[in-house]
Undergrad: 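This is the structure, below, for whatever I ask next.
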Amino acid sequence: MARIIEIKGRRVWDSRGRPTVEAEVVVGRGTTPLAVGRAIAPAGASTGAGEAKSVEVGQAVRNINTRIRDALRAMSVTDQHALDRRLIELDGSADKSRLGANAMVAVSLACAHAAAASLKKPLWRHLAGERRVGLPVPQIQIFGGGAHARGRVDVQDYMIVCTGAGSFAEALEWTAQVYAAAGARLAKRGALQGVADEGGYWPAFKTNEEALAELVGAIADAGLEPGTDVSIALDIAASQLYRGGSYHFALENRTLSAEQLHAMLLRWIERYPIVSIEDPFAEHDAAAMRAFTKAAGIQVVGDDFFVTNEQKVRNADGACNAVLLKPNQVGTVSETLACWQAARDAGYRGIVSARSGETEDVSIVHLAVGWGVPQLKVGSFSRSERMAKWNEGLRIEEALGAKALPYPARRLFKPR
Ligand code: 2PG
Ligand code: MG
């Protein structure tokens with residue numbers, strides 16, 4: 001059995017040029033090294049209040065190199081559950097603030113990589129065990145807004161879902177066409193001003209709704225059918241807009257009550273081919289979420305609302321019908337998996353998601369495939385911290401070949 005013989009933390013840099021923490025886990029038999037696993041903690045900008053807390057990067061590195069290293073050394077690397085339980089006990093806080101969620105998630109993921117490497121398997125295969133798996137359906141950002149674009153528009157993510165694509169590779173082909181067409185439309189009116197944090201175009205729009213109309217235009221310009229081939233997904237990240245009981249849309253200088261926001265989103269769903277909305281209301285407003293999920297008839301995703309917390313999903317009672325899964329929101333691989341299990345028990349869908357601060361780390365793609373989570377959100381179709389993940393999906397799709405489960409886009413998003 002491969003046991004952990006060394007753990008090392010180091011300070012590295014993320015896609016926003018901010019420091020973050022990387023963990024390296026060496027496993028072996030006796031003192032002979034067999035395999036190494038490595039992972040880097042990402043970081044959010046629009047973070048939920050209930051997220052596990054990170055500590056300062058220098059402190060996270062020290063925690064890995066001392067307390068975590070001492071606690072996990074000699075443990076079996078293939079027992080992820082026991083390793084994560086040990087990390088949780090060692091931290092001992094309710095919000096991971098002693099060891100730091102950044103230190104914990106880097107180590108937890110690095111252990112998973114090391115376990116797979118010691119078995120000479122890709123991580124997705126190791127996680128899948130004997131189960132048949134396939135590729136997830138991507139949600140890909142075209143315009144970035146909200147906290148990722150200094151509030152230039154209020155809505156955070158304008159994304160596409162290639163609802164009619166027959167494979168992951170085809171979804172990326174179509175996305176490349178839509179991304180190029182959207183850029184060309186902005187350039188034509190002199191509004192191409194670079195990209196936001198996740199690689200989506202900087203949102204030079206007069207209203208939040210104008211971006212929706214432009215997105216439909218870009219899909220059509222790309223020669224694809226809006227609503228059939230390619231549909232729209234939004235992340236409102238509404239907690240960021242919530243002030244004193246209502247929602248402030250700064251771009252239009254409007255303040256909406258929950259009821260008015262509900263009505264506006266239903267109007268958008270009627271006018272545009274929207275198949276998914278994330279965090280339509282603030283993270284504490286379960287009643288508004290529940291009413292909207294009931295009325296909308298589309299996928300409603302909880303991100304800040306669930307913060308990848310198993311218990312919050314178990315208590316949700318129909319607020320949302322899908323869960324965003326971000327390992328660093330909760331701190332360990334096992335707790336992320338438990339949240340996905342809770343989602344499945346409740347009949348909710350799942351989407352594994354990256355953060356706005358990312359790196360070359362592609363672990364989340366392996367989690368989505370290995371756990372059979374049918375959707376994946378990684379940001380846009382530019383910047384290599386995003387492309388690394390899309391490209392990893394292509395490699396996995398190629399490796400699976402004819403053994404892959406049918407690509408689930410058309411099943412998940414039947415035309416309305
Ligand atoms: C989100 C993510 C990714 P952040 O809100 O879903 O878009 O953003 O990592 O800033 O929380
Ligand atoms: Mg979100």
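Since this is a predicted model, take the numbers as computed values, not measurements. Note that the numbering runs from 1 along the sequence shown for the chain. Remember, it's 1-based here, ligands and their atoms both numbered in the order they're listed.
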Undergrad: Are Arg383 and Tyr179 in a cation-pi setup, meaning NZ or CZ lies under 6.0 angstrom from the ring centre and within 45 degrees of the ring axis?
TA: no
Undergrad: Name the one of Thr332, Asn328, Asp84 that satisfies side chain to side chain donor-acceptor pair (under 3.5 Å) with Ser108?
TA: Asp84
Undergrad: Side-chain donor-acceptor pair under 3.5 Å between Ser356 and Arg16, yes or no?
TA: yes
Undergrad: What part of Asp197 sits under 4.0 Å from ligand 1 if we count only heavy atoms: the side chain, the backbone, both or neither?
TA: neither
Undergrad: Do you know which of Asp157, Val155, Val301 makes side chain to side chain contact (heavy atoms under 4.5 Å, CB included) with Asp235?
TA: Asp157
Undergrad: Could you tell me, atom by atom, which parts of ligand 1 come under 4.0 Å of a heavy atom of His148?
TA: 4 (P), 7 (O), 8 (O), 10 (O)
Undergrad: Heavy-atom contacts with Asp235 under 4.0 Å: which atoms of ligand 1 show up? List them by number with element.
TA: 1 (C), 5 (O), 6 (O)
Undergrad: Are side-chain N/O atoms of Tyr272 and Glu209 paired as donor and acceptor at under 3.5 Å?
TA: yes
Undergrad: So which bit of Leu324 gets within less than 4.0 Å of ligand 1, heavy atoms only: side chain, backbone, both or neither?
TA: side chain
Undergrad: Mark the output for Gln141 as yes if a heavy-atom distance to ligand 1 is under 4.0 Å, and as no if none is.
TA: no
Undergrad: Check whether any N or O atom of Gln156, backbone or side chain, sits under 3.5 Å from an N or O atom of ligand 1, and answer yes or no.
TA: yes
Undergrad: Under 2.8 Å from the Mg ion (ligand 2) - does any N, O or S atom of Asp235 fall there?
TA: yes
Undergrad: Considering heavy atoms of the protein only, find what lies nearest to atom 6 (O) of ligand 1 and give residue, atom and distance to 0.1 Å.
TA: Lys377 NZ, 2.7 Å
Undergrad: Closer than 4.0 Å to some heavy atom of Asp157 - which atoms of ligand 1 meet that?
TA: 7 (O)
Undergrad: Output yes if Asp303 passes the N/O/S-under-2.8 Å test against the Mg ion (ligand 2); output no otherwise.
TA: yes
Undergrad: To the nearest 0.5 Å, what is the distance between CH2 (Trp340) and OG1 (Thr308)?
TA: 12.5 Å
Undergrad: Does at least one non-hydrogen atom of Ser46 fall below 4.0 angstrom from an atom of ligand 1?
TA: yes
Undergrad: Return a yes/no value for Ala354: is any of its N or O atoms, backbone included, closer than 3.5 angstrom to an N or O of ligand 1?
TA: no
Undergrad: Say whether Asp361 and Thr359, considering side chains only, have a donor N or O and an acceptor N or O under 3.5 Å apart.
TA: no
Undergrad: Of all the N, O or S atoms in Glu278, which one sits nearest to the Mg ion (ligand 2)?
TA: OE2
Undergrad: What protein heavy atom is closest to atom 3 (C) of ligand 1, reported as residue, atom name and distance in Å?
TA: Glu198 OE2, 3.0 Å
Undergrad: Of Lys377, Lys312, Lys326, which meets salt bridge (charged side-chain N to carboxylate O under 4.0 Å, His left out) against Asp303?
TA: Lys326
Undergrad: Whether the Arg314 and Gln311 side chains hold a donor-acceptor pair (N or O, under 3.5 Å, no angle test) is what I'd like checked.
TA: no
Undergrad: I need the Lys96 NZ to Ile88 CD1 distance, nearest 0.5 Å.
TA: 5.0 Å
Undergrad: Can Glu278 and Gln139 be counted as having a side-chain donor-acceptor contact under 3.5 angstrom?
TA: no
Undergrad: For atom 4 (P) of ligand 1, what's the nearest protein heavy-atom neighbour? Residue, atom name and distance, please.
TA: Ser356 OG, 3.4 Å
Undergrad: Could a heavy atom of Asp304 be found less than 4.0 Å from some atom of ligand 1?
TA: no
Undergrad: Among all protein heavy atoms, pick out the one at the shortest distance from atom 2 (C) of ligand 1; state its residue, atom name and that distance to 0.1 Å.
TA: Lys326 NZ, 3.3 Å
Undergrad: Starting from atom 11 (O) of ligand 1, locate the nearest protein heavy atom and write down its residue, its atom name and how far away it is, to 0.1 Å.
TA: Arg355 NH2, 2.8 Å
